[in-house]
Enquirer: 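Here it is, the structure, as structure tokens.
The structure presented is a predicted model; accordingly, all values stated were derived computationally and were not measured. In what follows, every chain begins at residue 1, and chains take the letters A, B, ... in the order their sequences are listed.
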There are 2 protein chains.
Amino acid sequence: MTTEPENLMTPAEVAARFRVDPKTVTRWANQGRLTSIRTLGGHRRYRETEINALLTATPPHGR
Amino acid sequence: MTTEPENLMTPAEVAARFRVDPKTVTRWANQGRLTSIRTLGGHRRYRETEINALLTATPPHGR
DNA sequence: TGCTAGTAGGGTAATTAGGGAT
DNA sequence: CGTGTCCTAATTACCCTACTAG
């Protein structure tokens, strides 16, 4: 299927994952660093899969 | 739930817990001693659980 | 319809990254 | 060897008012 429904997240939800201000998420979207989908009223929604992919940790390489 | 959201801490918060300069926390991350997650702007966030684990006191082995 | 929380804007202050000298 | 400090550039946080989501 070419049109799979995506789980969307609100700015506040994305901000909570990254521990940043919702405004910062908006800035990322404006800069094109984040895919944003607009509601008819102009509010942004974000793809959950993309957020999870960007949320990668660098684990300690112990010792 | 296979992946639960992690509570993240800012460099300043981690530094306050350890009573060190934020720059020192950055060094720990660069050396791979600390797990770090990056914002899209390059700022680091740290896992609260990991910090708490590292904050465990070494009790005096009394007598 | 009204109501409340959240978001879009824009401006300005505070943090952070990175390097380098100590 | 580890940490704190100085510097500049970049990123993020907080302030406001108006509008949208539900």
Enquirer: In chain order, what residues pass the side chain to side chain donor-acceptor pair (under 3.5 Å) check against B:Asn30, with sequence neighbours excluded?
Expert: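 With neighbours one apart ignored, the set is B:Arg44.
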Enquirer: Could you pull out the closest heavy-atom pair between B:Ser36 and B:Ala29, with the gap in Å?
Expert: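 Nearest pair, atom of B:Ser36 first, then B:Ala29: CB-CB, 4.1 Å.
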Enquirer: Residues in salt bridge (Lys or Arg N to Asp or Glu O under 4.0 Å) with A:Arg17, at least two apart?
Expert: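 Per chain and number, A:Arg17 pairs via salt bridge (Lys or Arg N to Asp or Glu O under 4.0 Å) with no residue.
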Enquirer: Among residues 25-36 of chain A, which ones have heavy-atom contacts with DNA chain D below 4.0 Å?
Expert: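 Listed by number, they are A:Arg27, A:Trp28, A:Arg33.
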Enquirer: Of all nucleotides in DNA chain C that come within under 4.0 Å of a heavy atom of chain B, which is furthest toward the 5' end and which toward the 3' end?
Expert: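 That gives a stretch of C:dT15 to C:dG19.
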Enquirer: Between the two ends of the helix from C:dC3-D:dG22 to C:dG19-D:dC6, what is the bend in degrees, rounded to 10 degrees, where each end axis spans five pairs?
Expert: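 Its terminal axes enclose an angle near 60°.
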Enquirer: Return the 5'-most residue of the pair B:Val20, A:Val20 with respect to DNA chain D, ranking by each residue's nearest nucleotide.
Expert: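 Looking at DNA chain D, the more 5' nearest nucleotide goes with B:Val20.
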Enquirer: Taking only residues two or more places apart in sequence or in another chain, which ones pass side chain to side chain donor-acceptor pair (under 3.5 Å) with A:Arg33?
Expert: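 Scan of A:Arg33 (side chain to side chain donor-acceptor pair (under 3.5 Å), adjacent residues dropped) gives A:Gln31.
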Enquirer: If I take atom NZ in residue B:Lys23 and atom C1' in nucleotide D:dT5, what distance separates them, rounded to the nearest angstrom?
Expert: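 Whole-Å distance recorded here is 9 Å.
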Enquirer: List the residues meeting salt bridge (Lys or Arg N to Asp or Glu O under 4.0 Å) with B:Arg47, not counting sequence neighbours, and say none if there are none.
Expert: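 Per chain and number, B:Arg47 pairs via salt bridge (Lys or Arg N to Asp or Glu O under 4.0 Å) with B:Glu6.
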Enquirer: Check nucleotides 19-22 of chain D for protein N or O atoms closer than 3.5 Å to its own N or O atoms and list the pairs.
Expert:
unit_1 : atom_1 : unit_2  : atom_2 : d
D:dT20 : O4'    : A:His43 : NE2    : 3.3
D:dA21 : OP1    : A:Thr39 : OG1    : 2.9
D:dA21 : OP1    : A:Gly41 : N      : 3.0

Enquirer: Could you state the atom-to-atom distance from CG of B:Leu8 to C1' of D:dT12 in whole Å?
Expert: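 Interatomic distance, CG of B:Leu8 to C1' of D:dT12: 15 Å.
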Enquirer: Can you list everything that forms a salt bridge (Lys or Arg N to Asp or Glu O under 4.0 Å) with B:Glu48? Sequence neighbours excluded, please.
Expert: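 Residues passing salt bridge (Lys or Arg N to Asp or Glu O under 4.0 Å) with B:Glu48: none at all.
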Enquirer: Taking only residues two or more places apart in sequence or in another chain, which ones pass salt bridge (Lys or Arg N to Asp or Glu O under 4.0 Å) with A:Arg19?
Expert: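 Here the qualifying residues are B:Glu13.
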Enquirer: Suppose clustering is done on Ile, Leu, Val, Met, Phe, Trp and Tyr with side-chain heavy atoms closer than 4.5 Å. Which residues sit in the same group as A:Met9?
Expert: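 A:Val14, A:Phe18, A:Val20, A:Val25, A:Trp28, A:Leu34, A:Tyr46, A:Ile51, A:Leu54, A:Leu55, B:Leu8, B:Ile37, B:Leu40, which link up through side-chain heavy atoms under 4.5 Å apart, make up the rest of the cluster.
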Enquirer: Are A:Thr24 and D:dA13 close enough that a side-chain N or O sits under 4.0 Å from OP1 or OP2?
Expert: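 Looking at the OP1 and OP2 atoms of D:dA13, one of them is under 4.0 Å from a side-chain N or O of A:Thr24.
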Enquirer: Please give, in whole Å, the distance from D:dG4 P to B:Arg19 CZ?
Expert: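 Rounded to whole Å, this separation is 10 Å.
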Enquirer: Any non-hydrogen side-chain atom of B:Arg45 less than 4.5 Å from a side-chain atom of B:Pro11?
Expert: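 Result yes, sub-4.5 Å side-chain heavy-atom pair found.
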Enquirer: Checking B:Thr56 side chain against B:Asn52 main chain: does a donor-acceptor pair fall under 3.5 Å?
Expert: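 Not confirmed, B:Thr56 side chain does not pair with B:Asn52 backbone.
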Enquirer: Go through the structure and list residues passing side chain to side chain donor-acceptor pair (under 3.5 Å) with A:Thr35, not counting sequence neighbours.
Expert: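 A:Thr35 satisfies side chain to side chain donor-acceptor pair (under 3.5 Å) with A:Glu50 once adjacent residues are dropped.
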